[in-house]
*Asks:* 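Sharing a structure here in structure tokens format.
Computation of the quantities below employed the complete heavy-atom set of this structure, encompassing side-chain atoms and omitting hydrogens, waters and symmetry-equivalent molecules. All chains are named by letter (A, B, ...) in the order of the sequence lines, taking the proteins before the strands, and each is independently numbered beginning at 1.
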Amino acid sequence: MTITQSLFYFLAFVAIFSSLLVVTAKNPIHSVLYLILTFFTLTGEYILLNAQFIGIVNIIVYAGAIMVLFLFVIMLLNLNVESEPQKTNLMKFIGIITGGIGLVVLTAALKSTDPSNTVVIQEVDMGLVKNLGQVLFKEFLLPFEIVSILFLSAMVGAVLLARKETK
Amino acid sequence: MENITNAITLVPLNHYILLSSIIFFIGIIGVLTRRNAIIVFMSIELMLNAVNLLLTAFSAYRGDAAGQVFVFFIMAVAAAEVAVGLAIIVMIYRNNNSIDIDLLNKLKN
């Protein structure tokens with residue numbers, strides 16, 4: 001067991017554990033904080049895969065921007081109460097069984113495939129900003145520009161939706 | 001840089017797939033069992049992140065940079081989706097004084 005291997009399994013364990021806590025925590029604020037922990041462990045996994053650009057963007061976009069939005073909404077709406085209405089136990093049971101069956105099916109399908117090779121990183125500097133920038137601005141230039149239009153329309157839509165109705 | 005690459009060669013790809021599917025299905029269970037709209041939304045973020053991890057693992061496995069560019073686009077779309085979705089949640093809260101998703105059945109009748 002090398003140090004990378006044990007780091008991978010440790011991060012995987014923390015990610016699964018904290019994502020379970022996201023789903024089960026009573027208080028929404030705790031859910032948000034556990035979700036941030038999950039994002040940090042996933043960033044660790046990206047760095048283990050030598051995908052440094054994705055790791056940094058994950059921290060900046062997810063743990064930074066998106067989770068701040070979540071925290072703002074929870075605090076503005078004053079939702080940090082633990083007396084949230086719960087689903088009935090039957091509905092919870094059905095939901096867990098449904099998700100569990102899906103997981104079992106996927107895992108069984110995975111079992112029936114050939115045992116996979118280990119992840120060998122083919123090109124060392126593939127995940128670095130320099131290389132990804134080349135790919136992004138050469139092969140994926142049109143999608144990149146379309147994403148900027150998407151952002152503009154999302155911004156307009158968010159402002160329009162969240163604005164108070166004036167009659 | 002060389003010693004980093006040599007050290008990574010020991011985790012099988014199957015374990016990445018398994019980790020991603022476990023996180024994805026935790027997200028699905030969260031969507032199915034919670035009534036708080038914000039937590040449902042966070043479960044969706046969890047599912048998106050599981051897919052991102054899987055794409056990155058495949059991209060590193062195949063040595064193809066396109067997978068990581070896709071992850072970048074998924075993150076951009078997720079950011080736009082969160083902005084619009086939270087605006088919708090704020091609007092629902094203003095109309096209903098609650099973000100319980102079981103109250104959102106007005107289209108049923």
*Asks:* If you take all heavy atoms of B:Ala87 and A:Ala162, which pair is closest and at what distance?
*Replies:*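 Looking at all heavy atoms of both residues, the closest pair is CB-CB, 4.0 Å.
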*Asks:* How are the rings of B:Phe72 and A:Phe144 set relative to one another: parallel (under 30°), tilted (30 to 60°) or perpendicular (over 60°)?
*Replies:*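 Taking A:Phe144 first and then B:Phe72, their aromatic rings lie parallel (interplane angle under 30°).
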*Asks:* Return the minimal non-hydrogen interatomic distance between A:Val22 and B:Arg34, and the atom names on each side.
*Replies:*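 In terms of heavy atoms, the two residues are closest at O-NH1, 4.5 Å.
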*Asks:* When only pairs under 4.5 Å are counted, which of A:Leu132, A:Val23, A:Val61, A:Leu42 shares the most heavy-atom pairs with chain B?
*Replies:*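 With the most close heavy-atom pairs to chain B, the winner is A:Val23.
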*Asks:* Any non-hydrogen side-chain atom of A:Ile96 less than 4.5 Å from a side-chain atom of B:Thr33?
*Replies:*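 In contact.
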*Asks:* Heavy atoms only: give me the nearest A:Phe151-B:Ala79 pair and the separation to one decimal.
*Replies:*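 Result for this residue pair: CE2-CB, 4.0 Å.
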*Asks:* Between A:Glu45 and B:Thr56, is any pair of side-chain heavy atoms under 4.5 Å apart?
*Replies:*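 Side chain of A:Glu45 against side chain of B:Thr56, heavy atoms only: no contact under 4.5 Å found.
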*Asks:* By a 4.5 Å heavy-atom criterion (distance strictly below it), what part of A:Tyr62 contacts chain B: side chain, backbone, both, or neither?
*Replies:*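 The side chain, not the backbone.
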*Asks:* In terms of heavy-atom proximity below 4.5 Å to chain B, should A:Phe93 be classed as side chain, backbone, both, or neither?
*Replies:*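 Neither; nothing under 4.5 Å.
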*Asks:* For B:Leu53, is it the side chain, the backbone, both or neither that has a heavy atom under 4.5 Å from a heavy atom of chain A?
*Replies:*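 It is both, since atoms from each part get that close.
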*Asks:* Among A:Leu106, A:Thr113, A:Leu7, which residue forms the greatest number of heavy-atom pairs with chain B at distances under 4.5 Å?
*Replies:*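 Of the options given, most contacts go to A:Leu106.
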*Asks:* Taking every non-hydrogen pair under 4.5 Å, which of B:Val69, B:Ile99, B:Val90 racks up the most with chain A?
*Replies:*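 Result: the option with the highest number of such pairs is B:Val69.
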*Asks:* Heavy atoms only, distances under 4.5 angstrom: which of A:Phe53, A:Phe39, A:Tyr46 has the most pairs with chain B? Name it, please.
*Replies:*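 Result: the option with the highest number of such pairs is A:Tyr46.
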*Asks:* Let me know if B:Val40 has heavy atoms under 4.5 Å from chain A in its side chain, its backbone, both or neither.
*Replies:*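 Neither part; nothing is under 4.5 Å.
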*Asks:* Rounded at 0.5 Å granularity, tell me how far CD1 in B:Ile22 sits from CD1 in A:Ile16.
*Replies:*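 So the CD1 of B:Ile22 and the CD1 of A:Ile16 are separated by 4.0 Å.
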*Asks:* Do you know which two heavy atoms are closest between B:Leu46 and A:Ser19, and how far apart they sit?
*Replies:*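 The pair with the smallest heavy-atom distance is CD2-CB, 3.5 Å.
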*Asks:* Using non-hydrogen atoms only, which part of A:Phe8 is less than 4.5 Å away from chain B: side chain, backbone, both, or neither?
*Replies:*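 Contact with chain B: side chain only.
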*Asks:* Against chain B, work out which of A:Thr107, A:Leu110, A:Val135, A:Thr98 has the most heavy-atom pairs shorter than 4.5 Å and name it.
*Replies:*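 The answer is A:Leu110.
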*Asks:* At a heavy-atom separation under 4.5 Å, does B:Asn49 approach chain A through its side chain, its backbone, both, or neither?
*Replies:*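 Both parts, heavy atoms under 4.5 Å.
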*Asks:* Heavy-atom cut-off 4.5 Å, strictly under: side chain, backbone, both or neither for A:Ala65 against chain B?
*Replies:*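 Contact with chain B is absent: no heavy atom of A:Ala65 under 4.5 Å.
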*Asks:* Output, in order, the C-alpha distance, side-chain angles, deciding distance and verdict of side chain to side chain contact (heavy atoms under 4.5 Å, CB included) for A:Leu49 and B:Tyr16.
*Replies:* CA-CA 11 Å; A:Leu49 283 168; B:Tyr16 280 103; 3.6 Å; yes
*Asks:* Determine the minimum heavy-atom distance between B:Phe73 and A:Pro143, stating which atoms define it.
*Replies:*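 Nearest pair, atom of B:Phe73 first, then A:Pro143: CZ-CB, 3.7 Å.
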*Asks:* If I take atom OG from residue A:Ser18 and atom CD1 from residue B:Ile26, how far apart are they, to the nearest 0.5 angstrom?
*Replies:*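 Answer for the OG-CD1 pair, A:Ser18 versus B:Ile26, is 8.5 Å.
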*Asks:* Checking B:Asn52 against chain A: side chain, backbone, both or neither under 4.5 Å from a heavy atom?
*Replies:*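 Contact with chain A: backbone and side chain both.
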*Asks:* Using heavy atoms and a sub-4.5 Å threshold, report which of residues 31-38 of chain A line up against chain B, by residue number.
*Replies:*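 When heavy atoms of chain B are the reference, residues 31-38 of chain A contributes A:Ser31, A:Val32, A:Leu35, A:Thr38 within the under-4.5 Å range.
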*Asks:* Could you tell me which non-hydrogen atom of A:Val147 sits nearest to which non-hydrogen atom of B:Ala76, and how far apart they are?
*Replies:*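 Closest approach of A:Val147 to B:Ala76, heavy atoms only: CG1-CB, 3.7 Å.
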